[in-house]
Amino acid sequence: MEVIKDINEIRTRIRDARKSEKRIGFVPTMGYLHQGHLSLVEISKKETDYQVMSIFVNKMQFNDKNDYKNYPRELERDFAMAEKAGVDLMFTPDDETMYINPLAYVDMQTLTEHLCGAYREGHFRGVFTVVSKLFNIVQPDVSVFGQKDIQQAVSIEKMVFDLNFPVKIIIAPIMREKEGLAMSSRNKHLNEEQRANALYIYKSLQKAEVMIESGETESGKLSFAVRKKIEQGKPDRIDYVSVVDYKTLQPVRKIGEKTVIAVAAYFGSTRLIDNMIIEKKDRGYLCIY
Ligand code: AMP
């Protein structure tokens, strides 16, 4: 695996890979890798021949200075994991390389008004801008994003469609710890008690699944039950428990063809997010989380 910071060098490597008819797969990350990140590479390998990963802690998408400052960083460990997972090219740009003009940005006004968009000002502008820049640099055929960050994944899919990026977006399943906590680089900040309490997020989604299986379709009842369950874990704050349409990310009164229950809650100063996709099937609903 080659580790490169320079944009022109990345372009040269990509050009060479293309010359040998390779299709380019790309997994953008902020590092401190875990199995969730590596599962995206696995999926990318099934569709493409040359794997590119980026690690860049994108200041522009942090609305909280401390969150940015304390974001876990451990590049050498990441490189070893990425190489083992089959990454061919690792792009690790620095801030000066990525931020040339702070007044140049990409933003979307759809899909971002609810969920995290309502609580993290400027977050999605930072995400759209960095992903656009990375797509322009790497020019991948395929890029894989995690369902874990559902609002990000759905709105990047939309951005790619609306702005005609020639990239296929794949949304990959959520990887979880043994007991069910969604893997996240930020989990590192949880102490033992918080980690145990955070499990109530997973339990709250299980609870919603049981309710849906027994015929409940009303968003109000589902979100109330999910919230109650999370509260058993004594979160320091719940930002939201929302039931939204998968395509529009607008709140719905009842679950429909494809719906998302999304949650964000703080345990200590660590903000965790999780979600479940609910798909209508011939008989009942399929819950994916
Ligand atoms: P991050 O490094 O947190 O910005 O995440 C990079 C990519 O990994 C994003 O597409 C995330 O959605 C995805 N990701 C993060 N956590 C998980 C997880 N537990 N399972 C699957 N994908 C994940």
Participant: Only one of Asp78, Val3, Val27 passes side chain to side chain contact (heavy atoms under 4.5 Å, CB included) with Ile55; say which it is.
Facilitator: Asp78
Participant: Can the positive tip of Arg77 be found less than 6.0 Å from the middle of the six-membered ring of Tyr32, inside 45° of the ring normal?
Facilitator: yes
Participant: Lys45 side chain to Ala85 main-chain N or O, any donor-acceptor pair under 3.5 Å?
Facilitator: yes
Participant: Is the closest side-chain heavy-atom distance between Ser185 and Met30 below 4.5 Å?
Facilitator: no
Participant: Please say whether more than 12 non-hydrogen atoms of neighbouring residues, nucleotides or ligands are located less than 6.0 Å from CD in Glu213.
Facilitator: yes
Participant: Under a 3.5 Å distance rule, please check whether Asp239 uses its side chain to pair with a backbone N or O of Ala264 as donor and acceptor.
Facilitator: no
Participant: Does Arg13 reach the side chain of Glu2, with side-chain heavy atoms less than 4.5 Å apart?
Facilitator: yes
Participant: Could you report the tightest heavy-atom contact between Ala82 and Met53, atom names first, then the distance?
Facilitator: CB-SD, 4.2 Å
Participant: Only counting residues at least two apart or in another chain, list the ones meeting ring-ring contact (aromatic ring centres under 6.0 Å, His included) with Phe62.
Facilitator: Tyr68, Tyr71
Participant: Counting N and O atoms only, with roles assigned by atom type, does the side chain of Ser219 sit under 3.5 Å from a partner on the main chain of Val243, one being a donor and the other an acceptor?
Facilitator: no
Participant: Does any part of the side chain of Ser132, heavy atoms only, come nearer than 4.5 Å to the side chain of Met159, both counted from C-beta?
Facilitator: yes
Participant: With under 30° as parallel and over 60° as perpendicular, where do the rings of Phe135 and Phe165 fit, or are they tilted in between?
Facilitator: perpendicular
Participant: Within the side chain of Thr248, is there an N or O that forms a donor-acceptor pair under 3.5 Å with the backbone of Gln250?
Facilitator: yes
Participant: Taking atom types as modelled and ignoring hydrogens, do the side chains of Glu47 and Ser44 form a donor-acceptor contact shorter than 3.5 angstrom?
Facilitator: no
Participant: Is the cationic atom of Lys203 (NZ for Lys, CZ for Arg) positioned less than 6.0 Å from the six-membered ring centroid of Tyr200 and within 45 degrees of its normal?
Facilitator: yes
Participant: Are Tyr289 and Tyr202 close enough that their ring centers fall under 6.0 Å?
Facilitator: yes
Participant: Do side-chain atoms of Gln147 reach the backbone of Ile174 as a donor and acceptor pair under 3.5 angstrom?
Facilitator: no
Participant: Applying side chain to side chain contact (heavy atoms under 4.5 Å, CB included) between Ser184 and each of Glu177, His189, Lys148, report the one that passes.
Facilitator: Lys148
Participant: Counting only N and O atoms by type, is there a donor-acceptor contact under 3.5 Å from the side chain of Thr129 to the main-chain atoms of Val106?
Facilitator: yes
Participant: Quick one: closest heavy-atom pair of Cys116 and Gln151, and the distance?
Facilitator: N-OE1, 3.0 Å
Participant: Between the side chain of Glu218 and the main-chain N/O of Ile255, is any donor-acceptor distance below 3.5 Å?
Facilitator: no
Participant: Between Glu83 (side chain) and Ala80 (backbone), is there a donor-acceptor pair under 3.5 Å?
Facilitator: no
Participant: Do Leu38 and Met81 come close enough that some side-chain heavy atom pair is under 4.5 Å?
Facilitator: yes
Participant: With side chains defined as the heavy atoms from C-beta onward, is the minimum distance between Asn187 and Leu181 less than 4.5 Å?
Facilitator: yes
Participant: Any side-chain heavy atom of His123 within less than 4.5 Å of one from Val127?
Facilitator: yes
Participant: Test ring-ring contact (aromatic ring centres under 6.0 Å, His included) on Tyr105 and Phe124 and set out the steps.
Facilitator: CA-CA 11 Å; Tyr105 54 81; Phe124 282 106; over 10 Å; no
Participant: Do Ile238 and Tyr266 have side chains that get closer than 4.5 Å, going by heavy atoms?
Facilitator: no
Participant: Does the pair Arg195/Glu179 count as a salt bridge with the N-to-O cut at 4.0 Å?
Facilitator: no
Participant: Measure across Ala208 and Met276 and return the closest heavy-atom pair with its distance rounded to 0.1 Å.
Facilitator: CB-CE, 3.7 Å
Participant: Do we see a donor-acceptor contact under 3.5 Å between the side chains of Asn58 and Tyr99?
Facilitator: yes
Participant: Could you pull out the closest heavy-atom pair between Asp67 and Arg120, with the gap in Å?
Facilitator: OD2-NH2, 4.0 Å
Participant: How long is the span from the CD atom in Glu157 to the CD atom in Gln152, to the nearest 0.5 Å?
Facilitator: 12.0 Å
Participant: Can you confirm whether Val167 sits close enough to Phe26 that some side-chain heavy atom of one is under 4.5 Å from a side-chain heavy atom of the other?
Facilitator: no
Participant: Hey, does the side chain of Lys133 reach the backbone of Met98 with a donor-acceptor pair shorter than 3.5 angstrom?
Facilitator: yes
Participant: Between Glu257 and Tyr246, is any side-chain donor less than 3.5 angstrom from a side-chain acceptor?
Facilitator: no
